[in-house]
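Notes to accompany the following structure.
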Amino acid sequence: MEGSEPDRASESGAVEKTRVLRDFQVSFFAMRRLRSFPWTFLEKYLECNKSSDLISDILKQTCLHSLSRTCPPSVKYRKLFLSELIRREEAAGCDPLDELYDALAEVIGAEDTTECYKSYLLPGGEAVSLLESVALISEGTTGLVTWEAALHLAEWALDHRHTFTGRTVLELGSGVGLTGVAICRSCGPSRYVFSDCHPEVLQKLRGNVRRNGLTEPAAAVEELDWTTATGGRVARVGADVVIAADVVYDPEVVENLVKLLSEVLRASSPELLVCSTVRNQETYGGFKQRLKRAGIEHRVMSGDVSRVFPYDRVAPIEMISLFR
């Protein structure tokens with residue numbers, strides 16, 4: 001016997017509420033812009049129910065969640081988030097929620113730093129928690145934050161786990177480690193080698209790899225300077241798959257990258273994947289021209305990926321496979 005109309009409406013509302021709570025949690029721990037949160041649902045709920053119970057549930061999934069104790073977003077971000085919740089609650093005329101004001105008082109008393117944690121939730125609910133720089137450019141490098149192409153490549157990997165399962169993977173320009181940690185936690189590579197060259201990035205990367213429970217010999221962090229590295233050095237890693245994300249951003253960097261990729265393909269024949277956010281068409285076009293001059297063919301990996309992580313998808317992101 002089918003349920004009544006009120007029962008179906010109640011069930012639908014519960015499902016929607018669960019989805020909204022998940023959206024708040026995912027966006028909060030990834031420190032997404034506040035305007036991207038599902039405020040419209042919250043406003044309608046407060047208007048209809050005149051109750052702060054949903055705000056209480058949101059708090060439990062964000063600022064009062066255990067992850068916020070161990071790997072909290074920045075102090076400034078938490079202040080803004082809690083202040084916005086209070087503003088919405090007051091605008092709806094709801095009774096003040098004590099734990100909301102207690103949480104804000106605790107954050108106001110905390111000291112802000114130049115670093116913060118961002119946590120990216122995997123489909124199974126596990127968190128990839130990374131210590132990142134608050135500033136996009138810090139210590140003279142852009143490698144201390146997670147960029148969009150790294151998130152896209154991680155999503156692609158989650159949709160194509162067989163590409164990495166049981167294989168040795170080398171990542172060029174790993175940055176703070178999002179893509180690699182997600183692959184290690186979800187795709188089962190036999191060995192994963194993170195690499196970068198900037199001392200501050202390597203220090204942060206090693207800390208993030210340990211923080212997420214990855215240890216030798218299954219996961220290693222190596223210094224790899226594209227200006228001096230040879231194809232033979234890379235070939236000794238024994239990688240079946242070589243990947244890179246958001247590495248095509250500067251013409252000088254591109255020159256060294258293509259030289260290294262050419263040597264890698266000359267010394268061995270791994271599956272080679274590069275994921276790029278196309279911010280500057282001239283720079284990205286120059287990268288493809290250099291590939292062609294080096295005798296490297298490419299194939300665009302078309303098709304959508306599952307939307308697992310929250311990030312801006314305005315600029316085009318392209319995945320290509322490289323081969324001779």
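Model, not experiment: these values are computed from the prediction. Scope of the values below: all heavy atoms of this structure, side chains included, with no hydrogens, waters or symmetry mates. Here, residue 1 is the first one in the sequence, and each next residue gets the next number.
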Checklist entry - Which word best sums up how the rings of His152 and Tyr311 line up, parallel for under 30°, tilted for 30 to 60°, or perpendicular for over 60°? => result perpendicular
Next on the checklist: Salt bridge check, Arg19 against Glu16: does any charged N sit closer than 4.0 Å to a carboxylate O?
Outcome noted: yes
Item to check | Over 12 non-hydrogen atoms of neighbours within 6.0 angstrom of NZ in Lys79 | outcome: yes
Item to check | Approximate separation, where rounding is to 0.5 Å, of Cys187 SG and His162 NE2 | outcome: 10.0 Å
Checklist entry - Just by distance, with hydrogens left out, do Ser262 and Arg324 show a side-chain donor and acceptor under 3.5 Å apart? => result yes
Checklist entry - Around Lys288, counting heavy atoms of other residues, nucleotides and ligands shown, do more than 12 lie under 6.0 Å from its NZ? => result yes
Would you be so kind as to tabulate the donor-acceptor pairs closer than 3.5 Å made by side chains of residues 38-52, with sequence neighbours excluded?
unit_1: Trp39; atom_1: NE1; unit_2: Leu34; atom_2: O; d: 2.6
unit_1: Glu43; atom_1: OE2; unit_2: Arg88; atom_2: NH1; d: 2.2
unit_1: Tyr45; atom_1: OH; unit_2: Asp53; atom_2: OD1; d: 3.1
unit_1: Tyr45; atom_1: OH; unit_2: Asp53; atom_2: OD2; d: 2.8
unit_1: Asn49; atom_1: ND2; unit_2: Tyr45; atom_2: O; d: 2.9
unit_1: Lys50; atom_1: NZ; unit_2: Ala92; atom_2: O; d: 2.9
unit_1: Ser51; atom_1: OG; unit_2: Asp53; atom_2: N; d: 3.2
unit_1: Ser51; atom_1: OG; unit_2: Asp53; atom_2: OD1; d: 3.0
unit_1: Ser52; atom_1: OG; unit_2: Glu89; atom_2: OE2; d: 2.9
unit_1: Ser52; atom_1: OG; unit_2: Asp95; atom_2: O; d: 3.2

Item to check | Rounded distance (nearest 0.5 Å) linking atom OG1 of Thr146 with atom CG of Leu178 | outcome: 4.5 Å
Item to check | Aromatic plane relationship, Tyr284 with Phe287 - under 30° parallel, 30 to 60° tilted, over 60° perpendicular | outcome: tilted
Checklist entry - Donor-acceptor pair, Ser195 side chain versus Glu223 backbone, under 3.5 Å? => result no
Checklist entry - Considering only heavy atoms from C-beta outward, does the side chain of Phe81 approach that of Cys63 to under 4.5 Å? => result yes
Checklist entry - Got Cys116 and Pro72 here, is their nearest side-chain heavy-atom distance under 4.5 Å? => result no
Item to check | Under-4.0 Å salt bridge between Arg279 and Asp246 | outcome: yes
Checklist entry - What orientation do Tyr120 and Phe309 show, parallel under 30°, tilted 30 to 60°, or perpendicular over 60°? => result perpendicular
Checklist entry - Hey, does the side chain of Arg161 reach the backbone of Ser186 with a donor-acceptor pair shorter than 3.5 angstrom? => result yes
Next on the checklist: Looking at Lys17 and Asp57, is any side-chain nitrogen of the basic one under 4.0 Å from a carboxylate oxygen of the acidic one?
Outcome noted: yes
Checklist entry - Would Glu155 and Arg313 pass as an ion pair if we require N to O under 4.0 Å? => result yes
Next on the checklist: Closer than 4.0 angstrom, basic N to acidic O: yes or no for Arg211 and Glu132?
Outcome noted: no
Checklist entry - Do Val278 and Val248 come within less than 4.5 Å of each other through their side chains, counting heavy atoms only? => result no
Checklist outcome for this item: Scanning both residues in full, the closest heavy-atom pair of Leu122 with Ala182 reads CD2-CB, 4.2 Å
Next on the checklist: Do Lys204 and Leu131 have side chains that approach each other closer than 4.5 Å (heavy atoms only, starting at C-beta)?
Outcome noted: yes
Item to check | Pairwise distance CH2(Trp147) to OH(Tyr249) - rounded to 0.5 angstrom | outcome: 10.0 Å
Item to check | Aromatic plane relationship, Tyr77 with Phe28 - under 30° parallel, 30 to 60° tilted, over 60° perpendicular | outcome: tilted
Next on the checklist: Please check this pair: side chain of Thr179 against backbone of Ala150, looking for a donor-acceptor N/O pair closer than 3.5 Å.
Outcome noted: yes
